[in-house]
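Here's the structure we're looking at; comments come further down.
Because only heavy atoms are used, hydrogens play no part in the values below, and waters and symmetry mates are left out as well, while side chains stay in.
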Amino acid sequence: MDHAAEAQRTDLMTITRHALNEQGRHPESRGDFTILLSHIVLGCKFVASAVNKAGLAKLIGLAGETNIQGEEQKKLDVLSNEVFVKALVSSGRTCVLVSEENEEAIFVDAPLRGKYCVCFDPLDGSSNIDCGVSIGTIFGIYMIKDKDNATLEDVLQPGTNMIAAGYCMYGSSCTLVLSTGNGVNGFTLDPSLGEFILTHPNIKIPNKGKIYSVNEGNARNWDVPTAKFVEKCKFPQDGSSPKSLRYIGSMVADVHRTLLYGGIFLYPADKKSPNGKLRVLYEVFPMSFLMEQAGGQSFTGKQRALELAPTEIHQRSPIFLGSYDDVEEIKSLYASESSTGLSA
């Protein structure tokens, strides 16, 4: 046995160690957030294991129920939701939970209440399970003002109030990307240790990318600025090379690639979905938080995404997020369209 190599393996920055280091920067901290995070990590490990065994365990296929969005639920959707609800409640640190799979917000019983609200999509991209495409869990965390008198208003906060966000991608490897408001870090699950190890420290998105990511099947229903932007991506007028199109159809996978390689991810409003398709609290806000923390931007077509003030827990919004310069370009197209409309 190579004892030196084995010793080196114990000197790894695990996600727990990372959280404790962050906690050390706040002397007033009592460790509540670290405990909450450890329960989220446990949920991610459980779901990662279930995803890997899905075909063997006959977990693939419809569970026979339909969720609040009108989407047929997969068995893994149902399982993942139960796992995260139980993990978050049992942490004793949560007060209100909002899940894509539950029509109403879940208010934790008084004896188990803590000071955090967690909004999450337990299994984003679940329609891709059958074909082995990467899927993931998305979450955002808020602080509650008064845990003993929590209301729905505590959940309906702008994204600027979010204190942490992240996603866990279940693909060729299991990767958890997290921000607590102090940059973005990526951790990869080492199956032999059962630990998430820091593999992508201080992720920074390039200022400009060579990739755009959008469902072009909806092109006939787009508004003018979106259509113009995609046209410029394919046929640039300044002599530069056209951007490459990459679209997986699983938000976690598309955003993960955008975060690492740069570029822009678009899910605009269109004639079919005038309010956009992606949900504000557990898709738009967490991904926008991560993108801004990594040096990128996020825009709804009207405003900075994190400044949205949601009025319902399953509210939807258009979204453009990614490299700073690429999002700046779409913002300028919307600005010129707006000024043209005003002058008309």
Any side-chain heavy atom of [X] within less than 4.5 Å of one from [Y]?
X	Y	answer
Leu306	Ser288	yes
Val47	Tyr170	yes
Val280	Phe285	yes
Phe84	Thr137	yes
Arg246	Ile248	no
Met13	Asn21	yes
Gln297	Leu321	no
Lys277	Ser273	yes

Taking every non-hydrogen atom, the tightest pair across [X] and [Y]:
X	Y	value
Met162	Ala164	CG-O, 3.4 Å
Leu178	Leu290	C-CD2, 4.0 Å
Pro225	Ile330	O-CD1, 4.0 Å
Ser134	Ala253	CB-CB, 3.9 Å
Leu260	Pro206	O-CD, 4.2 Å
Gly263	Thr258	O-CG2, 3.6 Å

Do NZ/NE/NH1/NH2 and the carboxylate oxygens of [X] and [Y] come within less than 4.0 Å?
X	Y	value
Lys228	Glu231	no
Lys271	Asp223	no
Asp32	Arg30	yes
Arg304	Glu292	yes
Glu312	Arg279	no

To the nearest 0.5 Å, what is the distance between [atom1] ([X]) and [atom2] ([Y])?
X	Y	atom1	atom2	result
Leu97	Ile106	CG	CD1	5.0 Å
Thr199	Leu12	OG1	CG	11.0 Å
Thr311	Leu156	OG1	CG	7.0 Å
Arg17	Thr34	CZ	OG1	14.5 Å
Ser126	Asp77	OG	CG	3.5 Å
Glu153	Ile144	CD	CD1	11.0 Å

Considering residues, nucleotides and ligands other than [X], do more than 12 of their heavy atoms fall under 6.0 Å from its [atom1]?
X	atom1	result
Phe107	CZ	yes
Lys86	NZ	no
Lys145	NZ	no

Residues passing the salt bridge (charged side-chain N to carboxylate O under 4.0 Å, His left out) test with Asp325, sequence neighbours excluded, are none

By salt bridge (charged side-chain N to carboxylate O under 4.0 Å, His left out), Glu195 pairs with (sequence neighbours left out) none

Worked verdict on Val252 versus Ile138 for side chain to side chain contact (heavy atoms under 4.5 Å, CB included):
CA-CA 8 Å; Val252 170; Ile138 310 171; 3.6 Å; yes

Would you say [X]'s side chain and [Y]'s backbone share a donor-acceptor pair under 3.5 angstrom?
X	Y	value
Lys243	Gly209	yes
Glu329	Asp326	no
Asp190	Ser192	yes
Asn185	Pro201	no
Thr300	Lys302	yes
Asp154	Thr151	yes
Thr175	Thr188	no
Gln293	Gly183	yes

- Starting from the C-alpha separation in whole Å, work towards a yes-or-no answer on side chain to side chain contact (heavy atoms under 4.5 Å, CB included) for Met169 and Cys174. CA-CA 6 Å; Met169 185 175 71; Cys174 179; over 6 Å; no

Going hydrophobic residue to hydrophobic residue with side-chain gaps under 4.5 angstrom, can you get from [X] over to [Y]?
X	Y	answer
Val96	Leu152	yes
Tyr324	Ile205	no
Val327	Leu245	yes

For residues 249-280, the ring pair (Phe, Tyr, Trp, His ring centres under 6.0 Å) pairs (sequence neighbours left out) are Tyr167-His256

Contacts satisfying ring pair (Phe, Tyr, Trp, His ring centres under 6.0 Å) that involve residues 207-232 (not counting sequence neighbours) are none

- Message: Assess the residue pair Asn202 and Val184 against the criterion (side chain to side chain contact (heavy atoms under 4.5 Å, CB included)); give the C-alpha distance rounded to whole Å, side-chain angles, the decisive distance to 0.1 Å, and a yes or no.
- Response: CA-CA 5 Å; Asn202 197 25; Val184 182; over 6 Å; no

Check your understanding: Does a side chain donor of either Thr180 or Asn182 reach within less than 3.5 Å of an acceptor in the other side chain?
Key -> no

Self-check item: Side chains of Asn218 and Asn221, donor plus acceptor under 3.5 Å
Solution: no

Please set out all donor-acceptor pairs under 3.5 angstrom arising from side-chain atoms of residues 109-122, sequence neighbours excluded.
unit_1: Arg113; atom_1: NE; unit_2: Val108; atom_2: O; d: 2.5
unit_1: Arg113; atom_1: NH1; unit_2: Lys147; atom_2: O; d: 2.9
unit_1: Arg113; atom_1: NH2; unit_2: Val108; atom_2: O; d: 3.3
unit_1: Asp121; atom_1: OD1; unit_2: Leu123; atom_2: N; d: 3.4

Assess the pair Phe187 and His18: is the distance between their ring centroids shorter than 6.0 Å?
yes

Would you call the rings of Phe299 and Tyr334 parallel, tilted or perpendicular if under 30° counts as parallel and over 60° as perpendicular? perpendicular

Inset, instruction - Test Val85 against Glu101 for side chain to side chain contact (heavy atoms under 4.5 Å, CB included), laying out the working first. - result: CA-CA 11 Å; Val85 169; Glu101 303 295 341; over 6 Å; no

Under 3.5 Å, side-chain donor or acceptor atoms of residues 36-45 against the rest of the protein: list the pairs with distances, not counting sequence neighbours.
unit_1: Ser38; atom_1: OG; unit_2: Ile35; atom_2: O; d: 2.6
unit_1: His39; atom_1: ND1; unit_2: Ala87; atom_2: O; d: 3.0
unit_1: Lys45; atom_1: NZ; unit_2: Gly194; atom_2: O; d: 2.7

